[in-house]
Amino acid sequence: MVNLKNETTNQVKQCKLGWSWTVFFFSFWPMLFRQDWIYLICYAAWEVIGNTIAFSNDGAFITVSSADFIIRIVMSVMYNTLYVKGLLKKGWKPADEASKKLMQAKGIVLTESAKPAEKAANQSVETPVKSESESVEKPAEKSETQDADK
C-alpha cells in the first residue's frame, strides 16, 4: 500500500500495488469507482463486445470466455500499477519516503514533473545587483570619461 498526495488539493490516496482482487472478481467496476476513465472504457468495451459475440454464436462461447478469463487475469496483475502510474502522470507524488521506496522497488520510475523543476530553476537564478558604490560614478571619474570621449 502506497500513499499518494496531490499537492494542489492536498488530497491523499492510499493505493495498492500488485494483484487486484477487485478487478479479478468485479471486472471493470473498480475502474468506474476510481474514475479511471481510459481503462474503464477499454475494459468495458471488451466485456460488451466479448459477451455479444459469445452469446450470439454457440461456437464462440468457449473461445471468448477463455479470452475473457485470460484478460481478466492480466488486468488483475497489472491494473493497480497502471492506476498508480496514471496518478503520477497527473501530478500526484508519494506522500512519504516509505511509499517512494516501495514504488521504486516495484519498478515504478519516479520523475520530477517539468513545471516544478522549471520554477525551482528560475527561482534559484540570482540576478547580480550593483552596490551603490558601483552604480554611482564619482564626479571626478565622470569628468575624466567625458574628456576621453571628446
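The first residue of the sequence shown is numbered 1, and numbering continues consecutively from there.
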Query raised in the report: Below 4.5 Å, heavy atoms only, C-beta onward: do W29 and T22 meet side chain to side chain?
Result: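 Sidechains of T22 and W29: no contact.
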Requested in this report: For residues L88 and K93, determine if any side-chain heavy atom of one lies less than 4.5 Å from a side-chain heavy atom of the other.
Outcome: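 No; the side chains remain at least 4.5 Å from each other.
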Query raised in the report: V12: which other cluster members, linking ILVMFWY side chains closer than 4.5 Å, directly or transitively?
Result: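 In the cluster with V12 there is nothing else; it is isolated.
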Report summary line: Apart from I49 itself, members of its ILVMFWY cluster (side-chain separation under 4.5 Å) are I53, V64
Path from [X] to [Y] over hydrophobic side-chain contacts below 4.5 Å:
{"X": "V23", "Y": "I41", "answer": "no"}
{"X": "F55", "Y": "F28", "answer": "no"}
{"X": "W37", "Y": "Y43", "answer": "yes"}

Atom of [X], atom of [Y] and distance for their closest heavy-atom approach:
{"X": "P30", "Y": "S27", "result": "CD-O, 3.4 Å"}
{"X": "C15", "Y": "L4", "result": "SG-CD1, 4.1 Å"}
{"X": "I108", "Y": "L17", "result": "CD1-CD2, 3.8 Å"}
{"X": "N6", "Y": "W92", "result": "N-CE3, 3.3 Å"}
{"X": "A95", "Y": "K5", "result": "CB-CB, 4.0 Å"}

**Report entry** Residue list, side-chain hydrogen bond (donor to acceptor under 3.5 Å, both in side chains) with Y83, at least two apart or on another chain
**Finding:**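 Partners of Y83 by the side-chain hydrogen bond (donor to acceptor under 3.5 Å, both in side chains) criterion, ordered by chain and then number, come out as K13.
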Report summary line: Those residues at least two apart in sequence (or on a different chain) that pass side-chain hydrogen bond (donor to acceptor under 3.5 Å, both in side chains) with S99 are D96
**Report entry** Under the side chain to side chain contact (heavy atoms under 4.5 Å, CB included) test, residues paired with Q14 that sit two or more places apart
**Finding:** M1, N3
**Report entry** By ring pair (Phe, Tyr, Trp, His ring centres under 6.0 Å) - contacts of W21 (at least two apart)
**Finding:** W19, F25
Requested in this report: State the CG-CZ distance between N80 and R34, to the nearest 0.5 angstrom.
Outcome: 5.0 Å
Requested in this report: Report the distance from atom NZ of K16 to atom OG1 of T81, rounding to the nearest 0.5 Å.
Outcome: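 It comes to 13.0 Å.
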Requested in this report: Could you check N51 against E47 for side-chain contact (heavy atoms from CB on, under 4.5 Å), going step by step and ending with a plain yes or no?
Outcome: CA-CA 6 Å; N51 287 333; E47 290 286 326; 3.9 Å; yes
Output side-chain donor-acceptor pairs under 3.5 Å for residues 65-78, partner residues at least two apart or in another chain, one line each.
{"residue": "S65", "atom": "OG", "partner": "F61", "partner atom": "O", "Å": "2.7"}
{"residue": "S66", "atom": "OG", "partner": "I62", "partner atom": "O", "Å": "2.8"}
{"residue": "D68", "atom": "OD1", "partner": "W46", "partner atom": "NE1", "Å": "3.1"}
{"residue": "R72", "atom": "NH1", "partner": "F24", "partner atom": "O", "Å": "3.2"}
{"residue": "S76", "atom": "OG", "partner": "F24", "partner atom": "N", "Å": "3.2"}
{"residue": "S76", "atom": "OG", "partner": "R72", "partner atom": "O", "Å": "2.7"}

